[in-house]
Amino acid sequence: MQPKEFPFPLARVLEMEKRTPTPFHVYDAAGILKRAEALNAAFAWAPGYRNYFAVKATPNPAIIELLRAAGSGADCSSLAELVLAERAGLRGEDVVFTSNDTPAAEFRKAAAMGAMLNFDDISHIGYARRALGGKLPEFACCRWNPGPLKDGNSIIGKPEEAKYGFTRDQIFEGFRQLRDGGVRRFGLHAMVASNERSALYFAETAKLLFELAAEVSAALGIEFSFIDIGGGFGIPYRPGEEPLDLGEVGRGVERAAREILVANGHPLPRIATECGRYVTGPCGWLVSRVLHVKRTYRNYAGLDACMADLMRPALYGAYHHITVFGKEGAPAEETYDVTGSLCENNDKFAIARPLPRLEPGDLVAIHDAGAHGHAMGFNYNGKLRHAEWLAEPDGANRLIRRAETLDDLFATLVPPVRVREAAAPERGA
Ligand SMILES: *Cc1c(COP(=O)(O)O)cnc(C)c1O
């Protein structure tokens, strides 16, 4: 069984806590790079392969910049994410803009950056052309929704019930419009999985994409230079779950590309992925302290973190492993609901979880919180969003986001409310 371990000594966490009280996020820079390199290795057969890191997973420029060193680009879906990618030094076709229900200003920003536009709907082609002053960029991509051709996956649901992408008929019509509208280089995209750990699933998605690309090429006399199989590569959240076999994904996609495209005289397109979770998910931890232990009809361990710091358990019933610093080897002799302080009964990180006996003051790490963790944070009940630390391979702890203060929270009130004395972003600093 794969144990879930926190990779750094306790002393390092206590150093961080001196500057930013719990809760806070810690990311392992070396681990993140290693996972990005593993993706590169699985697709080493594909010339020009890139992972475009899904910025929404961990929207911090320090992380995007770190990944740039491994050759990753960015997958953005909003104005804010485009700006973050730009600040992290990504330019032009380092960025793919996979948005939906897109405002004109966001098409303009993406086009001004030279990002690759990935259209979510056939109506967006004309909308973007108008937004861009009547001219489409030289490259464009379309997102296909395979509908009933593809079985659903538990998080993202059935493709035909998903709001994303073109139907098959619209794909043919869309590329005709793009071709006739002056686009010269073409991409095809699909993303139909989320947190999927079956390698076969991705090979099958790629096969469907390559078959469609070949048919569109034949019908319209265009070639595809870019095929994006999306993100959704899964990670084992529970100890003992099998990890996704990346080598198998790479080989399955290669086999499909050679059989369907190369064997039929098509050039090998650039293959792209848009993985977020796979890269950062297992390399981030939410660190928190037990505030109260309450014994009523159940045992409750109340943390100083809440679902505003990590929403996945409350939102999806997702499992996140929890370890207690200093009690790693202790028997899990009690069961606890591990809660936060929101006035919402689903504000729980775990329900009936066997854990060592807990005391107020215990320091815990909630695992696999590197993707869609801090990113999904919110301010309900006036909760302040917490700090983020990047643990560098040379032993340095780098603060990459300070904690929010009440002044930050109230800054948009009209008139603003100022409470400087309550603001303690860096205790002891
Ligand atoms: C969310 C999303 C991703 C990333 O998903 P992961 O599960 O983090 O890999 C990639 N592309 C698009 C279009 C997305 O919406």
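Order of listing sets the numbers, starting from 1, for every ligand and every atom in it.
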Would you verify whether the NZ or CZ of Arg289 falls within 45 degrees of the ring axis of Phe325 while also being under 6.0 Å from that six-membered ring's centre?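 Arg289 over Phe325 ring: no.
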
At less than 4.0 angstrom from any non-hydrogen atom of [X], what atoms of ligand 1 do you find?
X      : answer
Gly232 : 5 (O), 6 (P), 7 (O), 9 (O)
His372 : 8 (O)
Thr98  : 13 (C)

Give a yes or no answer on whether the side chain of Asp309 reaches the backbone of Ala305 with a donor-acceptor pair at less than 3.5 Å.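 Not a single qualifying donor-acceptor pair exists.
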
Can a donor-acceptor pair be found, under 3.5 Å and without considering hydrogens, that links the side chain of Ser225 to the backbone of Pro269?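 Answer holds: no.
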
Nearest 0.5 angstrom please: Thr405 OG1 to Arg385 CZ, how far?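 If I round to the nearest 0.5 Å, the distance is 13.5 Å.
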
Tell me the protein heavy atom at minimum distance from atom 1 (C) of ligand 1, and give that distance in Å.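 So the nearest neighbour among protein heavy atoms is Lys56 NZ, 1.3 Å.
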
What protein heavy atom lies closest to atom 5 (O) of ligand 1? Include the residue and the distance to one decimal.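 Checking every protein heavy atom, the shortest distance to atom 5 (O) of ligand 1 gives Met191 CE, 3.6 Å.
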
Quick one: salt bridge (charged side-chain N to carboxylate O under 4.0 Å, His left out) pairs with a partner in residues 165-177, sequence neighbours left out?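 Only Arg168-Glu215, Glu173-Arg176, Arg176-Asp180 qualify under salt bridge (charged side-chain N to carboxylate O under 4.0 Å, His left out).
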
Give a yes/no on ligand 1: does Gly230 have at least one heavy atom closer than 4.0 angstrom to it?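 False for this residue.
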
Would you say Cys275 touches ligand 1, if touching means a heavy atom closer than 4.0 Å?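 The answer is yes: ligand 1 sits under 4.0 Å from a heavy atom of Cys275.
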
Pairs of nitrogen or oxygen atoms closer than 3.5 Å, one from [X] and one from ligand 1: do any exist?
X      : answer
Gly276 : yes
Asp75  : yes
Glu274 : yes
Arg277 : yes

With a heavy-atom distance limit of 4.0 Å, tell me whether Arg143 approaches ligand 1 through its side chain, its backbone, both, or neither.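 Within the 4.0 Å criterion, Arg143 contacts ligand 1 through side-chain atoms alone.
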
Decide if the gap between the ring center of Tyr52 and the ring center of Phe97 is smaller than 6.0 angstrom.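 Centroid distance Tyr52-Phe97: not below 6.0 Å, so no.
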
Quick check on side chain to side chain contact (heavy atoms under 4.5 Å, CB included): which of Leu132, Leu136, Leu178 does Leu117 satisfy it with?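 Testing each of Leu132, Leu136, Leu178 against Leu117, the sole residue satisfying side chain to side chain contact (heavy atoms under 4.5 Å, CB included) is Leu132.
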
Please verify the inter-ring angle class for His374 with His386; under 30° counts as parallel, over 60° as perpendicular, anything in between as tilted.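 Perpendicular, since the angle between the ring planes exceeds 60°.
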
